[in-house]
**Student:** 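Below is a structure I'd like to ask you about.
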There are 2 protein chains.
Amino acid sequence: MTVSHHDETGQAAADRGWQHAGDCRAISEVLSRIGDKWTVLVVELLDGGPMRFNELRRRIGNISQKMLTTTLRNLERDGFVTRTVFPTIPPRVDYELTGLGRELRVPVKALGHWARANIDRIQEARERFDGTRQG
Amino acid sequence: MTVSHHDETGQAAADRGWQHAGDCRAISEVLSRIGDKWTVLVVELLDGGPMRFNELRRRIGNISQKMLTTTLRNLERDGFVTRTVFPTIPPRVDYELTGLGRELRVPVKALGHWARANIDRIQEARERFDGTRQG
DNA sequence: CCGAATCCCCGCGGATACTG
DNA sequence: CAGTATCCGCGGGGATTCGG
């Protein structure tokens, strides 16, 4: 985890309605965990059912083996996917979403829906900003 | 935006229930936008009402001026906060959440709540993983 | 087929110094 | 007080090579 903010005193906390330090930490942690380049995409793909390594790779299309391996290891470590090895030749490895992984999709997709619903407003704000700044 | 995945053909899309490419893009975009180190923390702080630059700085405690400026500029550009300059001496600048900014907090906090509710399960999974891997 | 190991680039974010 | 400019380290992530 990268984000580390001060352990504040009860005094400082009382200063101005600031109870939710824990909320911020929780938000930052999950964000720093799934906010990387590939995690969400992999999770959404695995929602369709178990999938092999190279199938995932093909469907994503432009991911390196290294990053797919890393992404899957982290997801496995956190209990979001399971990794099943079939000791055949050539080997076969299936990845599948766990219950926890499927539950994670709910708030993540909610964020996505909000984004789709509001992308226009954001885009307008950007054009206003870029226009008035050096137009 | 960093994430750019393949423009897939309708054929590939039909292959296996894969309609939500747009969802993935939206999710990735918002995640890459607010998934940085400080954005969410600043937004949560501003929820308490308008705040001056150095007050934000103090309350966060360990952020550099550069990153606070950058974070606020990006938030302003996307229409999440307003920047109000009082041409006094010394100068005074207030930052305040817009309606859009306040709406953003809803799905973000939902994600945070999910994280708080499930951090134990994640922690257990991590210990299992780390334990069985080189215990 | 699945991955580990290595090398390398680049952008985020911190430290510091300077302006209006 | 608020902000810009510059320098720099670190880690994410890509390309390539090698192993089981």
Side-chain angles (χ1 to χ4, degrees), chain A residues 1-6 28-29 31-42 45-46 50-78 81-96 129 133-134, chain B residues 1-6 28-29 31-42 45-46 50-78 81-96 129 133-134:
Chain A
M1 215 54 44
T2 338
V3 180
S4 73
H5 39 116
H6 59 289
S28 294
E29 283 186 18
L31 243 39
S32 74
R33 176 59 192 78
I34 68 173
D36 65 358
K37 193 169 178 179
W38 303 109
T39 296
V40 170
L41 186 51
V42 169
L45 278 173
L46 286 181
M51 218 176 294
R52 304 182 56 170
F53 185 88
N54 271 350
E55 187 177 358
L56 268 170
R57 185 153 160 56
R58 275 196 312 275
R59 300 180 82 86
I60 299 178
N62 55 346
I63 189 176
S64 61
Q65 311 98 308
K66 174 187 170 182
M67 288 318 297
L68 183 53
T69 301
T70 302
T71 302
L72 287 168
R73 278 300 171 283
N74 289 332
L75 285 171
E76 186 194 359
R77 185 172 115 95
D78 287 357
V81 309
T82 57
R83 177 173 183 269
T84 316
V85 181
F86 300 88
T88 58
I89 296 180
R92 168 198 177 124
V93 182
D94 273 18
Y95 293 91
E96 181 170 16
F129 184 88
R133 188 160 174 81
Q134 63 159 332
Chain B
M1 211 53 42
T2 337
V3 180
S4 72
H5 40 117
H6 60 290
S28 294
E29 284 185 17
L31 243 38
S32 74
R33 175 60 191 76
I34 69 173
D36 65 359
K37 192 169 178 178
W38 302 110
T39 297
V40 170
L41 186 51
V42 169
L45 278 173
L46 287 179
M51 218 177 293
R52 304 181 56 169
F53 186 87
N54 271 350
E55 188 178 358
L56 268 171
R57 186 154 160 56
R58 274 195 311 276
R59 300 180 81 86
I60 298 177
N62 55 345
I63 189 176
S64 62
Q65 310 98 307
K66 175 189 169 182
M67 287 319 296
L68 183 52
T69 301
T70 303
T71 303
L72 288 168
R73 279 297 171 286
N74 289 333
L75 286 171
E76 187 194 359
R77 185 173 115 94
D78 287 357
V81 309
T82 57
R83 177 172 181 270
T84 316
V85 181
F86 301 88
T88 60
I89 296 180
R92 170 198 176 121
V93 182
D94 274 17
Y95 292 91
E96 183 171 14
F129 185 87
R133 191 162 173 80
Q134 61 160 334

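Protein chains get the first letters and strands the later ones, always in sequence-line order, with residue 1 at the start of each.
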**Student:** Rounded at 0.5 Å granularity, tell me how far CZ in B:Arg59 sits from CG in B:Leu46.
**Tutor:**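 Result: 10.5 Å between the selected atoms.
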**Student:** Enter the distance from B:Asn74:CG to B:Ile34:CD1 here, rounded to the nearest 0.5 Å.
**Tutor:**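 With rounding to 0.5 Å, CG (B:Asn74) is 13.0 Å from CD1 (B:Ile34).
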**Student:** Could you run down nucleotides 8-14 of chain D 5' to 3' and tag each one B, S or - for protein heavy-atom contact under 4.0 Å?
**Tutor:** -----BB
**Student:** Rounded to the nearest 0.5 Å, what's the gap from CD on A:Glu55 to CZ on A:Arg92? Could you check?
**Tutor:**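 Taking CD in A:Glu55 and CZ in A:Arg92, the distance rounds to 9.0 Å.
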**Student:** Can you check the B:Ile60 CD1 to C:dG14 C1' distance for me, whole Å?
**Tutor:**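 After rounding, the reported distance stands at 14 Å.
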**Student:** Enumerate all atom pairs, one protein N or O and one N or O from nucleotides 1-3 of chain D, separated by less than 3.5 Å.
**Tutor:**
unit_1 : atom_1 : unit_2  : atom_2 : d
D:dC1  : O3'    : B:Arg52 : NH2    : 3.0
D:dA2  : OP1    : B:Arg52 : NE     : 3.0
D:dA2  : OP1    : B:Arg52 : NH2    : 3.3
D:dA2  : OP2    : B:Asn54 : N      : 2.8
D:dA2  : OP2    : B:Asn54 : ND2    : 3.3
D:dG3  : OP1    : B:Arg83 : NE     : 2.8
D:dG3  : OP1    : B:Arg83 : NH2    : 2.5
D:dG3  : OP1    : B:Tyr95 : OH     : 2.9
D:dG3  : OP2    : B:Tyr95 : OH     : 3.0

**Student:** How close do A:Met51 and A:Leu45 get, heavy atom to heavy atom, and via which atoms?
**Tutor:**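 Looks like CE-O, 3.3 Å.
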**Student:** Do you know which two heavy atoms are closest between A:Leu75 and A:Arg33, and how far apart they sit?
**Tutor:**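 Reported closest heavy-atom pair: N-NH2, 3.2 Å.
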**Student:** Would you mind reporting whether A:Phe129 and B:Asp78 have side-chain heavy atoms less than 4.5 Å apart?
**Tutor:**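 They are not in side-chain contact.
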**Student:** Find the distance between CG (B:Leu31) and NZ (A:Lys37) and round it off to the nearest 0.5 Å.
**Tutor:** 14.0 Å
**Student:** When the distance from CG of B:Leu68 to C1' of D:dT4 is rounded to whole Å, what number comes out?
**Tutor:** 14 Å
**Student:** Calculate the interatomic distance between A:Met51 atom CE and C:dC1 atom C1'; express it in whole Å.
**Tutor:** 17 Å
**Student:** B:Trp38 pairs by side chain to side chain contact (heavy atoms under 4.5 Å, CB included) with which of B:Leu56, B:Leu68, B:Leu72, B:Thr71?
**Tutor:**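 That would be B:Thr71; it is the only one of B:Leu56, B:Leu68, B:Leu72, B:Thr71 passing the side chain to side chain contact (heavy atoms under 4.5 Å, CB included) with B:Trp38.
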